[in-house]
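Below, read A as the first sequence line, B as the second, and so on, with proteins coming before strands; counting in each chain starts at 1.
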There are 4 protein chains.
Amino acid sequence: MVDSNVSSVVGNPDLIEKRRKQIVDAATKLFSDQGFYRTTIKDVAQLAGVSAGTVYLYVREKEDVLLLVLLQVLEDYATEIPKSIESLTDPLQRLMTIVDAYCRVVDRHRAATVLAYRSTKSLSPERRLLIQQHETETNQIISRAIIACQEVGVVRPLNVDVLTYQLMLVAHSWALKSWYFKSRLTLDEYIAASLDTLFAGALTDTGKTQFDTLRLAGDRPEQGVQS
Amino acid sequence: MVDSNVSSVVGNPDLIEKRRKQIVDAATKLFSDQGFYRTTIKDVAQLAGVSAGTVYLYVREKEDVLLLVLLQVLEDYATEIPKSIESLTDPLQRLMTIVDAYCRVVDRHRAATVLAYRSTKSLSPERRLLIQQHETETNQIISRAIIACQEVGVVRPLNVDVLTYQLMLVAHSWALKSWYFKSRLTLDEYIAASLDTLFAGALTDTGKTQFDTLRLAGDRPEQGVQS
Amino acid sequence: MVDSNVSSVVGNPDLIEKRRKQIVDAATKLFSDQGFYRTTIKDVAQLAGVSAGTVYLYVREKEDVLLLVLLQVLEDYATEIPKSIESLTDPLQRLMTIVDAYCRVVDRHRAATVLAYRSTKSLSPERRLLIQQHETETNQIISRAIIACQEVGVVRPLNVDVLTYQLMLVAHSWALKSWYFKSRLTLDEYIAASLDTLFAGALTDTGKTQFDTLRLAGDRPEQGVQS
Amino acid sequence: MVDSNVSSVVGNPDLIEKRRKQIVDAATKLFSDQGFYRTTIKDVAQLAGVSAGTVYLYVREKEDVLLLVLLQVLEDYATEIPKSIESLTDPLQRLMTIVDAYCRVVDRHRAATVLAYRSTKSLSPERRLLIQQHETETNQIISRAIIACQEVGVVRPLNVDVLTYQLMLVAHSWALKSWYFKSRLTLDEYIAASLDTLFAGALTDTGKTQFDTLRLAGDRPEQGVQS
DNA sequence: AATGAATGAGAATTCATTCAT
DNA sequence: GATGAATGAATTCTCATTCAT
């Protein structure tokens, strides 16, 4: 699946898979540590235990290596998140578990997640599009879970896209701002606190009343969008 | 203020300011469009209307240009956001306005905000630290506003750091995922929808009850952080 | 031996030797003709028949090329001079032959010898030290030969260091001032004349008597050192 | 005198002299310390207390600065050495004093003397020729003194050019090899030891007899030139 | 298939020199 | 006369990519 987007001069598919794994693993580490441009193909080859020339048997250009790395992460998301809710049926529990699982996958792939944020622009437009499509797929898992919750009436009728992104961002920002959170919260605390805000809202009942008033009074009447 | 972090061989401060503006403006555009590494100093110089050599009269190395660009954005945040709430006294209104203002500054500097996410790793450690410090400052504006709301009882006693980051992410993700949102929402709609979720919560009353139950039933008892 | 002081990314030692020879030969010619700074790596590469990039496979920086060139000359000295006296046993004859051989090696490497005088300052301190050590080694060959002559009583008890340097300078100055000597003397004549002065002294018997008197009468009594 | 070889756009001769002195003094120090190519015109200007542009009012190109520096040294030689023997009449004493004086001027201008050795090649051919002519002039002082000694019979009939150079080298090598001599000899000791060798010869009487035999027996009959 | 030496285009940076003020 | 900002040619060095073995 991953392979099909990147061409190789080598025939044997097993070998391709094996070598690509070596290369992607090495590249993920190096790109994460030093960034895409600071990492040379020689670096990658060396860490992968092959020669520089060999890398080019499995990849047409350096950017392909980045693409493979990013696709790898997204594929892990797409595999692991659905697996986490396989056995669950309650819509709200499924939604909560998705977020929980998402955060945990991100935690495991922290470096690569950050890499995805940093490096997408390093890709050519077609490759970037490919990545965005994969990302959208992952988000659809969330969106569908939200809609399911709305259907059973546990989630309000609000903008699904926005909430989807907010939930995704909960996961991603654990990686993006880990330098900030790490010293203050455990992952579990972080997940709980994030869900608490997003699900129950930050305001007290008094606050919510006031919030509604302020919104109505807003000189930007077109703001009211939820539904 | 920005200048003091980067050395220049030119003496005249007015000239420094003028030229640096030319350079930073050009660099912001190019770095945003093509990324830091794909942009050459010659590109920047040309767009800035000076020679390549001249750039080096105002900057010691290429990385300094990136630093100046990033500092510029952060400084705009630090200036414009406080200005937006100058005349307001109501804590909740201040908090809402901060988020609103933050989103609008980000919208204006969309490219540079994305750049900041992508390029911080391209900086040397000292320069990266400098950026993080500036970022933290902006966040303190939000944190203080949240605390003020808590003091008057309109915001629940929840983890301030997490909510701070969530609000910041509302603003940042408008830039980060603009390719996705742009076609679906206006900025105003986006702000309203985001605040609605974060302030009022995504769940219905039924949902909240269920949410509390699920949390209590969770096999990760340590998850429950302050309600 | 030469190689061990300069790093190379190429593994094959035979290839290293071969390519380094190409590079050093080309560089010796160009550095001698135009000087170190006026010669570009591209010039060297071209004359060596390789690409500029290839030079950097065998050398880490331009200065390394200079180092290799200088070490080459000194190594030739260290090889050829001892060889010339291998079969000789008479101390005075050995000393004379050393000077003769030294002059002839210098003559063959005239350009590089001058280069050594001119370019040592272009080296980094560590590399400069390395060169000076090699130079000192060559001089020890002379010093030992002088001492051997003193032991059998054919050389007076005088300052060995000074005489060593004077003999070395006989050789070096053939290269340094070749523009002056070339039109007046052959190498053989130059060697004979130089040895004649240094060994037999410039003065007549009358002169020597007078020299002793003048020295004694000198108002710088601390001058008299020989012995 | 010095000035006439280098053009200036400034009219006032006194000013030219004053500024050139500033520039030459600064350049002498910097060229000696760091070499010609490692020193920038800005460095020179700064140390001279003027602006970079000003240097170019008194000099057409960077090489001119080097020329002025070298001419300065040679001129000092040409002034100070003759002055030292003004009052002396005895030929041998004059010769000895010339060498003594030469060594002392060199000692005072050690850095610049080394510079002259290192940097002549950095000059254009015409400028190099100019330097060589000046050098020849200084040597003629020595040559004339040697011939005077030969005329009164205190110096043997030997090759005057060679002895001239040997005496000059006594002085120069004090500068060239100061890193070696400094720790072993004082200047006075060095002068005395050098003159002792060159004037009285390195060999004992036994040595000289043997030397003559070896020379006659030499398989290079064309060697015998002196006398 | 694998290697790793070779290539050469390309980029950052420096600095002699000029010139408007 | 003096200044110092501006220029841009030139140079070192890197590295993705190729290709003979």
Side-chain angles (χ1 to χ4, degrees), chain A residues 8-12 15-16 19 37-46 49-65, chain B residues 8-12 15-16 18-19 37-45 49-65, chain C residues 8-12 15-16 18-19 37-45 49-65, chain D residues 8-12 15-16 19 37-46 49-65:
Chain A
S8 166
V9 294
V10 174
N12 182 339
L15 191 51
I16 293 186
R19 289 274 181 266
Y37 285 100
R38 285 200 207 285
T39 303
T40 69
I41 285 291
K42 259 194 151 178
D43 291 342
V44 173
Q46 191 167 44
V50 296
S51 72
T54 297
V55 174
Y56 282 88
L57 294 177
Y58 297 94
V59 129
R60 206 167 45 73
E61 16 173 349
K62 192 186 174 189
E63 242 187 45
D64 282 335
V65 179
Chain B
S8 166
V9 293
V10 173
N12 184 337
L15 192 52
I16 292 184
K18 179 181 150 197
R19 290 274 181 269
Y37 287 101
R38 284 201 207 287
T39 304
T40 71
I41 285 291
K42 271 194 165 161
D43 292 342
V44 174
V50 297
S51 72
T54 297
V55 173
Y56 282 91
L57 294 178
Y58 297 92
V59 128
R60 208 167 45 72
E61 11 171 359
K62 191 186 173 190
E63 237 187 51
D64 281 335
V65 179
Chain C
S8 166
V9 292
V10 173
N12 184 336
L15 192 52
I16 293 184
K18 178 181 152 198
R19 290 274 180 268
Y37 287 101
R38 283 200 207 287
T39 304
T40 70
I41 284 292
K42 271 196 166 161
D43 292 342
V44 174
V50 296
S51 72
T54 297
V55 173
Y56 283 92
L57 294 178
Y58 297 93
V59 130
R60 208 166 45 74
E61 10 172 357
K62 190 186 174 190
E63 237 186 51
D64 282 334
V65 178
Chain D
S8 165
V9 294
V10 175
N12 182 339
L15 191 52
I16 292 185
R19 288 274 182 268
Y37 285 100
R38 285 199 205 286
T39 304
T40 70
I41 285 291
K42 259 194 151 179
D43 291 342
V44 173
Q46 190 167 44
V50 296
S51 72
T54 297
V55 173
Y56 282 87
L57 295 176
Y58 297 93
V59 127
R60 207 168 43 75
E61 17 173 348
K62 192 186 174 190
E63 242 188 43
D64 282 335
V65 179

Residue whose nearest DNA chain E nucleotide is more 5′ - K42(B) or V9(C): V9(C)

Would you kindly compare N12(C) and N12(A) by the position of their nearest DNA chain E nucleotide and give the one closer to the 5′ end? N12(A)

Taking only side-chain nitrogens and oxygens of [X], does any of them come within less than 4.0 Å of OP1 or OP2 of [N]?
{"X": "T54(B)", "N": "dT7(F)", "answer": "yes"}
{"X": "S51(B)", "N": "dT7(F)", "answer": "yes"}
{"X": "Y56(D)", "N": "dA2(F)", "answer": "no"}

When we call it a touch if two heavy atoms are under 4.0 Å apart, what does [X] touch: a base, just sugar-phosphate, or nothing?
{"X": "L57(B)", "answer": "base"}
{"X": "R38(C)", "answer": "nothing"}
{"X": "G49(D)", "answer": "nothing"}
{"X": "S8(B)", "answer": "nothing"}
{"X": "Y37(B)", "answer": "nothing"}

When you get a sec, tell me which of [options] is the closest nucleotide to the side chain of [X]?
{"X": "L15(C)", "options": "dT17(E), dA6(E), dC15(F)", "answer": "dA6(E)"}
{"X": "V10(B)", "options": "dA5(F), dA16(E), dA12(E)", "answer": "dA5(F)"}
{"X": "V50(B)", "options": "dT17(E), dT7(F), dA6(F)", "answer": "dT7(F)"}

Any R19(B) side-chain heavy atom under 4.5 Å of V10(B) side chain: no

Note, V9(D) side chain near Y56(D) side chain (heavy atom, < 4.5 Å): no

Measure the distance from CD1 on I16(D) to P on dG1(F) and round it to the nearest whole Å. 8 Å

Taken to the nearest whole Å, NZ/K18(C) to C1'/dA5(E) is 11 Å

